[in-house]
Amino acid sequence: MRIAPTLTFALAFGLVSATAVPVRAHEAGDWLVRGGFHNIDPKSDNGDIVEVADDTMITFSILHMVTANWGLELLGALPFEHDISLANGPRVGSTKHLPPTFSVVYHPLPEAQFQPYLGLGVNVTLFFDEDTRGALAGSDLDLDNSVGAAGVVGIDVALGDGWFLNADVRYMDIETDAQLDGVELETVRIDPWAFGLSVAYRF
């Protein structure tokens, strides 16, 4: 999944589904709950030895509006699972991770039907359940947890009666130290883009 088809679908669906609906502006104290999915797409050159593939999983978030324009968002997900391969080589393992991300977001048009927003925050990536196979079968692969900056640009399209369609693009600064049987391999710079679609309800 890439940014162009994701946003094209979201905006096209929104235009069809949300034409001229009455919109109540965001207010301080509002909560916006979203549920959908994200594709996490690591950069192609994760490391000299280890490469990490992409994955798509169900995600959810909750946004609390502190004012009509500013809000606090927490993003969560079911565990993502990524195949791991040797650089330019075969698949040799996999890992699961959870990417809780906290962001401060700004909505410049809280009263509009099409509501763009942007945010900055912190991502914590928790790696677990590493598995090895093939050339590394039986070896102990370990990836350290990561803490790094995160950014998001998105849009909510009001559908009426408190419902919204959402599309967003996120960047996460994820670096993890990889060890094999206790021996340090390298620092793997995953630094993925995440492309998401979801539906939301405000209450």
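Remember, predicted model here, so these are calculated numbers, not experimental data.
Residues F60 and A77 approach most closely at CZ-N, 3.5 Å, considering heavy atoms. Heavy-atom minimum distance, P116 versus P108: O-CD, 3.2 Å. Closest approach of T101 and A150 over heavy atoms only: CG2-CB, 3.7 Å. The two residues S85 and P90 make their nearest non-hydrogen contact at CB-O, 3.2 Å. The shortest non-hydrogen separation linking P42 to A53 is CG-O, 3.6 Å.
No more than 12 heavy atoms of other residues, nucleotides or ligands shown are found within 6.0 angstrom of CD1 on I58. Other residues, nucleotides and ligands contribute at most 12 non-hydrogen atoms within 6.0 Å of the CG atom of D161.
Note on L120 and L74: separate hydrophobic clusters, where clusters join Ile, Leu, Val, Met, Phe, Trp and Tyr whose side-chain heavy atoms are under 4.5 Å apart, directly or indirectly. Both Y201 and L165 sit in one connected hydrophobic cluster of ILVMFWY residues. Membership requires side-chain heavy atoms under 4.5 Å apart, directly or through other members. A single hydrophobic cluster is seen to contain both Y106 and V104, as judged by linkage of ILVMFWY side chains at heavy-atom distances under 4.5 Å, directly or through other members. Hydrophobic clustering (ILVMFWY, side-chain heavy atoms < 4.5 Å, transitive): V157 and W163 are in one cluster. Cluster membership for L126 and M57, using ILVMFWY side-chain heavy atoms within less than 4.5 angstrom, is not shared.
By the 30° and 60° cut-offs, the orientation of the rings of F203 relative to W31 is parallel.
Evaluation of the side chain to side chain contact (heavy atoms under 4.5 Å, CB included) rule for D191 yields K43, Y171, D173, E175, R189 as partners, not counting sequence neighbours.
At a threshold of 4.5 Å between non-hydrogen side-chain atoms, the residues D41 and P192 do not count as touching. Contact annotation: the side chain of L109 never approaches that of F114 to less than 4.5 Å [non-hydrogen atoms, C-beta and beyond]. The shortest distance between side-chain heavy atoms of N123 and P99 falls below 4.5 Å. Residues W193 and D54 fail the side-chain proximity criterion, which asks for heavy atoms closer than 4.5 Å. The closest side-chain heavy-atom distance from D168 to H38 is below 4.5 Å.
Taking OG1 of T187 as the start and CG of D177 as the end, the distance is 4.0 Å to the nearest 0.5 Å. Rounding to the nearest 0.5 Å gives a distance of 5.5 Å between CZ of R34 and CD of E73. Taking OG1 of T59 as the reference point, atom CZ of R170 lies at 8.0 Å (rounded to 0.5 Å). Taking CG of D181 as the reference point, atom CG of D142 lies at 10.5 Å (rounded to 0.5 Å). Atom NE2 in H107 sits 6.5 Å away from atom CD in Q115 (nearest 0.5 Å). Atom CG of D131 sits about 11.0 Å away from atom OG of S139, to the nearest 0.5 Å.
Residues H64 and D30 bring no donor and acceptor atom of their side chains to less than 3.5 Å of each other. A donor and an acceptor atom, one from each side chain of H97 and T125, are nowhere located under 3.5 Å apart.
Of the residues R133, H82, E130, the one that meets the side-chain hydrogen bond (donor to acceptor under 3.5 Å, both in side chains) test with S94 is R133.
Other residues sharing the hydrophobic cluster of L136, ordered by chain and number and joined by side-chain separations under 4.5 Å: I49, V50, V52, L75, I84, L86, V92, F127, L141, L143, M172, I174, L180, L185, V188, I190. Under a 4.5 Å side-chain heavy-atom criterion applied to ILVMFWY residues, the cluster that includes Y117 comprises L32, L63, M65, V105, V152, F164 as well.
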Passes side chain to side chain donor-acceptor pair (under 3.5 Å), S146 versus D144? Steps please. CA-CA 6 Å; S146 169; D144 290 346; over 6 Å; no
Applying side-chain contact (heavy atoms from CB on, under 4.5 Å) to H26 and E111, what does each step give before you reach the verdict? CA-CA 6 Å; H26 290 325; E111 74 290 341; over 6 Å; no
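Using modelled atom types, no side-chain atom of D55 and backbone atom of F80 make a donor-acceptor pair closer than 3.5 Å.
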